[in-house]
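Index from 1, following the sequence. What's counted below: heavy atoms across the whole structure, side chains too, no hydrogens, waters or symmetry copies.
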Amino acid sequence: MLAFEEANPGWSSNKEMRIRNELGMTPPRYLVLLMRAAESVEGMLADPITARRVRTPGRRESVVYSSN
């Protein structure tokens, strides 16, 4: 999840399609699993920068609403 988020920052309709096609899940399910990964010890060790960006309020909105 964190690797996908790092490779696809922000939010767009293209990202939604990639979530569905590449990960085989709905965007809301992706967000739940992304947050779970970001809050896990394994996620924080594997990708601390992305995990922090996803977990930090204010930055979390950039995951969903940014147009990048």
What is the distance from atom [atom1] of [X] to atom [atom2] of [Y], rounded to the nearest 0.5 Å?
X     : Y     : atom1 : atom2 : result
Leu34 : Arg55 : CG    : CZ    : 11.0 Å
Asn8  : Glu5  : CG    : CD    : 7.5 Å
Ile19 : Met17 : CD1   : CE    : 11.0 Å

Problem - side-chain contact (heavy atoms from CB on, under 4.5 Å) between Met1 and Val54, worked out - result: CA-CA 11 Å; Met1 291 294 134; Val54 169; over 6 Å; no
Exercise for the section: Give a yes or no on whether the backbone of Arg53 and the side-chain of Thr56 come within a donor-acceptor separation of less than 3.5 Å. Expected result: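 Absent.
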Handout entry: Hphob cluster co-occupancy, Leu31 + Met44, side-chain heavy atoms under 4.5 angstrom
Key = no
Practice task
Establish whether Leu2 and Leu23 are linked, either directly or via other cluster members, by ILVMFWY side-chain heavy-atom contacts under 4.5 Å.
Solution key: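 Hydrophobic grouping puts Leu2 with Leu23.
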Completion exercise
Hits for side-chain hydrogen bond (donor to acceptor under 3.5 Å, both in side chains) against Arg36, two or more places apart or cross-chain, chain-then-number order -> none
Exercise for the section: Report yes if the side chains of Pro27 and Arg20 come closer than 4.5 Å at any heavy-atom pair, otherwise no. Expected result: yes
Problem - Parallel, tilted or perpendicular, as decided by the 30° and 60° cut-offs, for the rings of Phe4 and Tyr30 - result: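 Perpendicular, since the angle between the ring planes exceeds 60°.
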